[in-house]
Amino acid sequence: MSVSLKTTSLPEAVYEALRESIVTGSAAPGSLLTETAIALQYGVARPTAKAALERLVSEGLLTRQAHHAARVPQLDRDDIVDLYANRALIEEAALHNLAMAGAVPPTALALQRQLEEHVANDDRAALARTDIDFHRALVLAQQSPRLGRLHSLIMGEIELCIGQVQAHQLIRPSDVAQQHQGILDAVAVGDIALAGRLTREHIFNARDRLLRKFDDDHNES
């Protein structure tokens with residue numbers, strides 16, 4: 001049975017639909033995604049399915065070895081610890097740069113308003129997407145393009161983690177919105193230390209909750 005797609009270019013629509021299924025956990029960690037199965041699921045040609053899968057592999061949302069089907073990454077505890085440590089380093093540095101300028105990026109501000117709407121509507125799938133876009137916008141808005149490129153290297157795995165945090169309801173959406181607003185307020189007044197500290201706390205709070213979920217799941221098995 002094929003799945004209906006949003007009205008956009010077909011390759012983009014398949015990519016977006018697959019991306020959402022991975023980030024929200026509909027495609028579970030460890031799942032195999034083949035070109036044939038994706039083509040049948042979305043009613044598209046195999047080259048279109050292949051292009052979407054390759055794009056997701058390049059972004060780190062899927063992994064694939066030569067001559068094997070793509071697979072949704074299954075992060076272990078060490079992966080999560082390492083990923084969040086590097087994410088904190090990059091995003092804290094980015095917020096230092098933004099606070100030095102004392103200007104809140106308009107894109108991040110608009111995304112924060114969208115996130116608050118998703119909180120009000122309890123739309124967790126949209127919340128996860130907007131949360132991801134908010135952090136990406138902050139890093140891209142600061143003046144170091146190299147920092148932005150470093151962030152993009154781990155962004156796929158960051159998306160997987162944020163999606164799991166939201167899918168398992170590990171943090172109240174209102175707390176996410178409140179923490180984001182605190183970061184934006186610190187940037188607006190040019191408080192470099194506060195912007196960095198709030199960013200680090202925001203990231204490590206999510207990490208700790210995800211690790212507790214990981215440990216609980218593995219203790220049960």
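Heads up: numbering here begins at 1 and tracks the sequence.
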Straight-line distance of Leu98 CG to Ile183 CD1, nearest 0.5 Å
10.5 Å
Within this structure, what is the OH-CD1 distance for the pair Tyr84 and Ile158, rounded to the nearest 0.5 Å?
8.0 Å
The test is side chain to side chain contact (heavy atoms under 4.5 Å, CB included); show your working for Glu54 and Arg64 and say whether it passes.
CA-CA 9 Å; Glu54 288 179 345; Arg64 180 164 58 191; 3.3 Å; yes
Closest non-hydrogen atoms of Met155 and Ile132, given as atom of the first, atom of the second and distance, are CE-CG2, 3.5 Å
Rounded to the nearest 0.5 Å, how far apart are CD1 of Ile192 and CZ of Arg197?
14.5 Å
Do the side chains of Leu147 and Asn97 get nearer than 4.5 Å, heavy atoms only?
yes
Atom CZ of Phe204 and atom CD of Glu92: how far apart are they, to the nearest 0.5 Å?
8.0 Å
Side chains of Tyr15 and Glu20: donor-acceptor distance under 3.5 Å anywhere?
no
Nearest atoms (heavy-atom pairs only) where Ile171 meets Arg209:
CG1-CD, 3.2 Å
Tell me, with the steps shown, if Gln181 and Asp185 meet side chain to side chain donor-acceptor pair (under 3.5 Å).
CA-CA 6 Å; Gln181 190 60 53; Asp185 291 344; 2.9 Å; yes
Partners meeting ring pair (Phe, Tyr, Trp, His ring centres under 6.0 Å) with His202 (sequence neighbours left out):
His135, His180
Is there a side-chain contact between Leu184 and Phe134 (heavy atoms, below 4.5 Å)?
yes
Rounded distance [0.5 Å steps], OG1 in Thr199 versus CG in Leu138:
7.5 Å
Asn86 and Asp82: side chain donor to acceptor below 3.5 Å
yes
Between Arg46 and Glu35, is the closest basic N to carboxylate O distance under 4.0 Å?
yes
Heavy-atom side-chain proximity of Glu159 to Val23 below 4.5 angstrom:
yes
Would you mind reporting whether Leu111 and Leu115 have side-chain heavy atoms less than 4.5 Å apart?
no
Do His118 and Gln166 come close enough that some side-chain heavy atom pair is under 4.5 Å?
no
Show which side-chain atoms of residues 120-127 pair as donor or acceptor with protein atoms under 3.5 Å away, not counting sequence neighbours.
unit_1	atom_1	unit_2	atom_2	d
Asn121	ND2	Glu117	O	3.2
Asp123	OD1	Ala126	N	3.2

Is any side-chain heavy atom of Arg19 closer than 4.5 Å to a side-chain heavy atom of Leu61?
yes
Ion pair Arg55/Glu16, N-O distance below 4.0 Å:
no
Distance (rounded to the nearest 0.5 Å) between Ile90 CD1 and Arg149 CZ:
12.5 Å
Taking NZ, NE, NH1 and NH2 as the nitrogens, is one of them in Arg136 or Glu91 under 4.0 Å from a carboxylate oxygen of the other?
no
So with a 6.0 Å cut-off around CZ of Arg113, is the heavy-atom count from everything else above 12?
yes
